[in-house]
Amino acid sequence: MKKEEENKSITLSSELRLFYKKIQRQRIADANTHIPPCLDPKTGVESKDINISYETGVYVRLYKPKKVDKKSKMPLLLYFHGGGFCMDSTYSSKYHNHLNQLAAQAQAMIVSVEYRRTPEHRLPAAYNDGWDALNWVFNSNTRDYQSWIQEHVDFGRVYLMGDSAGANIAHQLALRVGLHKGVPRYDGIILVHPYFWGSQRIGNEAYNLKNKINKFWALARPNNNIGADDPWINPSNDPCLSSLGCNRVLVFIAQKDLFRSRGVYYKELLKKSGWQGTVEVVESIGEDHVFHLAKPFAHNTIRLLRKVAVFLYPLRSKL
């Protein structure tokens, strides 16, 4: 879809307008928690913001861990925050603190994308922002300009990661990579409690929350006639699923999460599609959606972080 179509004026129903007003109030509250880039005294991780597109105004926040081995280069995680495509920010305290913790634990450079949100910028704006960030990482001029990336990143070990709606974005980017000839495949993607959906309930999905989930998707795709069966949110309807442009997939699910069954189903879909990679699903017992953001030092959060580190350094785990 052309970029000029991303910002086409939209008309929301009265029900969606009320829902959008709640979203706006939540955004104001979240903005009060924003943290500027800094050197984190607890983890030693340093961060800074860079504008990667003057056209769209999209920024990324880089997180550089305190290097353990200065002679070896580290993997890079291109990260996408959650929030139903319409809320949250990589600048918020919960994401800033989480990404400091993740960068330190995984010993990885993180590029977290402050993508444009819906409904002001309906999809595929966020997907396109992610694609621009991916190209920015690999752009030769970027390497010359951005010494952090140039000096410390192993460009053969770039991963896509996100939670909730951010996991949806990571999945979509992996599909784009697989469908574009000449674009290098990535070793892996990491999807934390991915935001996938559909008109038909599966597994543990609660009917009483169906309307709320559908509202979030309606804000993201307000002029879409097929609703939750859109391939962008329902991978079972995507004929290109076998083209996923990576070799490994790690999916985290939570026992009490509304989207738990979708994460399990995603593994089944990948296998049935003919995709030639490996996929692993890791469940956090007793936990709910994106629990790790609210409980950064819980046992299951530390387990999640360590599992990500093992995924990024598979050879170390075999030693």
Side-chain angles (χ1 to χ4, degrees), residues 37 39-40 43-53 58-81 90 95-96 98-115 127 129-163 166-167 169-174 176-178 180 183-192 244-250 252 277 304-317:
L39 175 63
D40 182 55
T43 61
V45 173
E46 188 176 358
S47 57
K48 62 179 173 179
D49 296 339
I50 298 175
N51 177 215
I52 64 168
S53 173
V58 171
Y59 276 76
V60 295
R61 176 163 290 185
L62 273 63
Y63 294 83
K64 180 173 72 71
K66 185 177 181 180
K67 291 248 330 181
V68 175
D69 183 357
K70 294 184 178 181
K71 295 181 180 180
S72 63
K73 294 195 173 185
M74 67 182 71
L76 182 144
L77 275 175
L78 186 62
Y79 193 93
F80 302 92
H81 68 79
T90 194
Y95 275 105
H96 181 77
H98 171 63
L99 294 176
N100 278 326
Q101 188 181 18
L102 178 60
Q105 178 70 49
Q107 279 299 291
M109 184 80 70
I110 297 178
V111 177
S112 184
V113 184
E114 185 70 353
Y115 56 84
Y127 299 154
D129 293 343
W131 187 251
D132 288 345
L134 196 58
N135 288 322
W136 178 84
V137 166
F138 281 98
N139 188 288
S140 60
N141 293 329
T142 299
R143 298 190 199 184
D144 294 336
Y145 169 74
Q146 183 43 260
S147 60
W148 278 12
I149 293 178
Q150 180 189 18
E151 294 176 8
H152 301 294
V153 168
D154 178 354
F155 285 90
R157 298 161 64 205
V158 175
Y159 297 80
L160 306 176
M161 180 175 179
D163 65 86
I169 296 172
H171 162 77
Q172 289 296 328
L173 289 187
R176 286 197 188 188
V177 167
H180 280 71
V183 176
R185 290 173 63 91
Y186 299 98
D187 187 46
I189 62 173
I190 304 168
L191 309 182
V192 182
L244 199 70
C246 62
N247 301 315
R248 298 187 296 143
V249 174
L250 177 60
F252 288 98
L304 184 153
L305 295 172
R306 288 176 177 170
K307 187 65 179 179
V308 171
V310 169
F311 189 76
L312 300 184
Y313 291 92
L315 295 180
R316 289 186 183 180
S317 65

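As a basis for the values below, the full set of heavy atoms in this structure was taken, side chains included, without hydrogen atoms, waters or symmetry mates.
- Residues passing the salt bridge (Lys or Arg N to Asp or Glu O under 4.0 Å) test with Lys64, sequence neighbours excluded: none.
- Scanning for ring pair (Phe, Tyr, Trp, His ring centres under 6.0 Å) contacts around Phe311 gives Tyr159, with sequence neighbours left out.
- The side-chain hydrogen bond (donor to acceptor under 3.5 Å, both in side chains) check on Ser47 picks up nothing, with sequence neighbours excluded.
- Here Glu46 pairs with nothing under the side-chain hydrogen bond (donor to acceptor under 3.5 Å, both in side chains) rule; sequence neighbours left out.
- How far CD1 of Ile190 is from SG of Cys246: 10.5 Å, rounded to the nearest 0.5 Å.
- The closest side-chain heavy-atom distance from Val111 to Ile50 is not below 4.5 Å.
- Here the straight-line distance linking atom CG of Asp154 with atom CG of Leu312 works out to 11.5 Å at 0.5 Å rounding.
- Residues meeting the side-chain hydrogen bond (donor to acceptor under 3.5 Å, both in side chains) test with Tyr59, sequence neighbours left out: none.
- The shortest side-chain heavy-atom distance between Leu244 and Val249 falls under the 4.5 Å cut-off.
- Ile189 and Ala174 get closest at one heavy-atom pair: CG2-CB, 3.9 Å.
- Taking every heavy atom of both residues into account, Tyr63 and Ser112 meet most closely at CE1-CB, 4.1 Å.
- Among residues two or more places apart in sequence or in another chain, the side-chain contact (heavy atoms from CB on, under 4.5 Å) test is passed with Ala309 by Ala106.
- Put simply, the side chain of Gln105 reaches to within 4.5 Å of the side chain of Arg306, judged on heavy atoms.
- Listed by chain and residue number, Tyr79, Tyr95 satisfy the side-chain hydrogen bond (donor to acceptor under 3.5 Å, both in side chains) test with Asp163 (two or more places apart in sequence, or in another chain).
- Within the model, atoms NZ of Lys66 and CG of Leu39 stand 9.0 Å from one another, a figure rounded to the nearest 0.5 Å.
- Contact between Pro65 and Ala103 at its shortest, heavy atoms only, is CB-O, 3.5 Å.
- Atom CG of residue Leu99 and atom CG of residue Leu62 lie 11.0 Å apart, to the nearest 0.5 angstrom.
- Scanning all heavy atoms of the two residues, the minimum distance from Asp49 to Pro37 falls at OD2-CD, 3.5 Å.
- In this structure, the side chains of Glu114 and His81 come closer than 4.5 Å at one or more pairs of heavy atoms.
- Using a 4.5 Å heavy-atom cutoff, the side chains of His96 and Arg61 are in contact.
- A distance of 9.5 Å separates OH of Tyr115 from OG1 of Thr90, quoted to the nearest 0.5 Å.
- Ala133 is linked by a side-chain contact (heavy atoms from CB on, under 4.5 Å) to Ile52, Val60, Leu78, Val113, counting only residues two or more places apart in sequence or in another chain.
- At least one side-chain heavy atom of Leu134 sits less than 4.5 Å from a side-chain heavy atom of Val177.
- Applying side chain to side chain contact (heavy atoms under 4.5 Å, CB included) to Leu102 and the options Leu304, Val45, Leu77, Thr43 leaves one that passes, Leu77.
- With sequence neighbours left out, the side-chain contact (heavy atoms from CB on, under 4.5 Å) criterion links Val153 to Leu76, Met109, Ile149, Phe155.
- Using bins of under 30°, 30° to 60° and over 60° for the plane-to-plane angle, the ring pair Trp131/His180 lands in the tilted bin.
- With sequence neighbours left out, His171 forms a ring pair (Phe, Tyr, Trp, His ring centres under 6.0 Å) with Phe196, Tyr266.
- Scanning for salt bridge (Lys or Arg N to Asp or Glu O under 4.0 Å) contacts around Asp187 gives Arg248, with sequence neighbours left out.
- Closest approach of Ala170 and Gly162 over heavy atoms only: CB-N, 4.3 Å.
- Distance check: Arg176 CZ to Tyr127 OH gives 9.0 Å after rounding to the nearest 0.5 Å.
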